[in-house]
Amino acid sequence: MSDAYTDGAAADGSTTDRWFNDQTLKRAGAAIAGAFTLAVGVLLYYIVDFADPNLFVRIIPRFLEAFVLVLGIVAGGSVLSIPLGIFVGLGRVSKTRFTNAISTGYVEFFRGTPLLFQLIVIYYGIPALWIQNFGDFPISNWAIPAAIIGLMLNHGAYVGEAIRGGIGAVPEGQMEAARSLGMSYVQAMREVILPQAWRNALAAIGNDQVILVKDTSLLTVIAVPELISEFRQVNSATFDPWTPIILVAILYLCITIPLGKFVRYLEARSDWGGGDRR
Amino acid sequence: MSAHSLLEFDNIDKYYGDTHVLKEVSLEVDEQDVCVVIGPSGSGKSTLLRCANRLEEIQAGEIRLDGTALTHPEADINMLRQRIGMVFQSFNLFPHKTAIENVTLAPQKVKGIDDEIAYEEGMSILEDVGMSGHADAYPNQLSGGQQQRIAIARALAMDPRVMLFDEVTSALDPELVGEVLEVMRALAEEGMTMMVVTHEMGFAREVGDKIVLMADGKVVETGEPKAFFENPQTDRAQQFLSRML
Ligand SMILES: Nc1ncnc2c1ncn2[C@@H]1O[C@H](COP(=O)(O)OP(=O)(O)OP(=O)(O)O)[C@@H](O)[C@H]1O
Ligand SMILES: [Mg+2]
């Protein structure tokens, strides 16, 4: 055997002489996890010790109100961003130059600028333009519609890219088979391509919708009374950051964890016979 | 043999960019006949079939189905495609639909046939291809041979005038080829007009009514199976057969 093949530990198939082997990795992992648990435990102890149970109970109602508002905004943004994203995705795979260019430009803009900037444009910019050209702005509580529109437009771009990727992953032959049966392009898309593209895109869309939930924290900047706004008010009145922080954390996780579970349920449901190939 | 030609290729030319892949091809498939197209890889067999239901566009000539020019720019292609069934080498079943749903989808959506009637007709076609016992299985729970039989059933469900088969057994394990050829043979016996691209020379000889040899984008020789296989006229045909057999 030449020297080239007897290099290092591979010669006799054993790796025990290396310091970084399966055993050390396992032990290191456990050690790091242990240290992390300890640190979190100590931190939690201090936090609970710091927090004021009376204040906690007193602020629950106002945070619940904010929570319901966030849920509503999330539902609105989510429900609107998905059909928008499907159309954007269809535009991105369109062979019609104009449609393709417009949807590409849309995606570039909304993914290329910060959501906070987009919210500012909608919340401050649109009413200013309206007032200059048409007189009084007709919507009195513009913050919430502006929030929903901003989230819809921003996440519509991300959902659109996920759908585009999902369509791209459907084999060419699927469209050909559908068309060869006499289906129109629209029928083939709706019945054959999109259901598969949706399944392919589901994980990415799920991720994006979790981000949408967290993005509601930016709405504090356009005066939406959401969870972070409530935190700031309570904190500045009481100088107690930790009691409201605990509540904010619990309430965000109350949305994001079930949402993640729901997405995994949807994925499991579109298994289509799964791996039990006969 | 009936003289009425159902599918006619009239002097067609097809280019991919600068590559001339079909060169003045003329060919007639008679009603109730099985026309078998053979030829070396890259000779344009798949392209010819794909042009016949406009998955590819031709640059010159005309393809007619029952006298109607389906290559005419104003032809109602969705309508014409319903009359031309196509079966692919890679099955292309819809993975999100069960066997029976694969079969009933187009009749329901394209022809607007009632769900119940579509289901009954679909089940009887699945029966014909020996797959009614797997009606509720998803494609990825089935073997290649089973999938291909469902793909044939799916095309048949539109009640086509002619069926196109593009190397439908080439992707199958050898032991699964027979069950698919059997279905095709039965279909031919019932009088279905078929255009079949295949490398299965045994099938070509037994089931074919007409053999078409293609090479370099041209039809080199056409003949009845017995004459073609026993007494090929052209050098190309002799060469090709000596390599195949
Ligand atoms: N989409 C395409 N773009 C460019 N060239 C193509 C395309 N599809 C096929 N060709 C070329 O056209 C010619 C004919 O291809 P075709 O697939 O029709 O051959 P075939 O006879 O079916 O071969 P095989 O037996 O390998 O399936 C080949 O030279 C091929 O490289
Ligand atoms: Mg081919």
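Quick note on labels: first sequence line is chain A, next is B, and so on, each numbered from 1.
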Out of B:Ile84, B:Leu80, B:Leu93, return the one with the most heavy atom pairs under 4.5 angstrom to chain A. B:Leu93
Side chains of B:Thr47 and B:Glu56: donor-acceptor distance under 3.5 Å anywhere? no
Are a donor atom and an acceptor atom from the side chains of B:Asn92 and B:Ser90 found within less than 3.5 Å of each other? yes
Between the side chains of B:Arg54 and B:Thr71, does any donor sit under 3.5 Å from an acceptor? no
Go through the atoms of B:Phe88 and report whether side chain, backbone, both or neither lie under 4.5 Å from a heavy atom of chain A. side chain
Side chain, backbone, both or neither of A:Glu176 within contact of chain B (heavy atoms, under 4.5 Å): both
Checking heavy atoms, do the side chain of A:Glu191, its backbone, both or neither come under 4.5 Å from chain B? both
Hydrogens and angles aside, do A:Gln209 and A:Ser78 bring a side-chain donor and acceptor to less than 3.5 Å of each other? yes
With respect to chain A, which residue among B:Met79, B:Gln82, B:His96, B:Arg81 yields the maximal number of heavy-atom pairs within a distance under 4.5 Å? B:His96
Counting heavy-atom pairs under 4.5 angstrom with chain A, the leader among B:Arg50, B:Arg154, B:Lys109, B:Met86 is B:Lys109
Assert top hit (heavy-atom pairs under 4.5 Å, partner chain B, pool A:Pro171, A:Ser270, A:Ala178) equals A:Ala178
Cation over ring face, A:Lys261 and A:Tyr265, 6.0 Å, 45°: no
Could you check whether any side-chain heavy atom of A:Ile82 comes within less than 4.5 Å of a side-chain heavy atom of A:Ile86, counting everything from C-beta outward? yes
B:Lys97 versus chain A, heavy atoms under 4.5 Å apart: side chain, backbone, both or neither? side chain
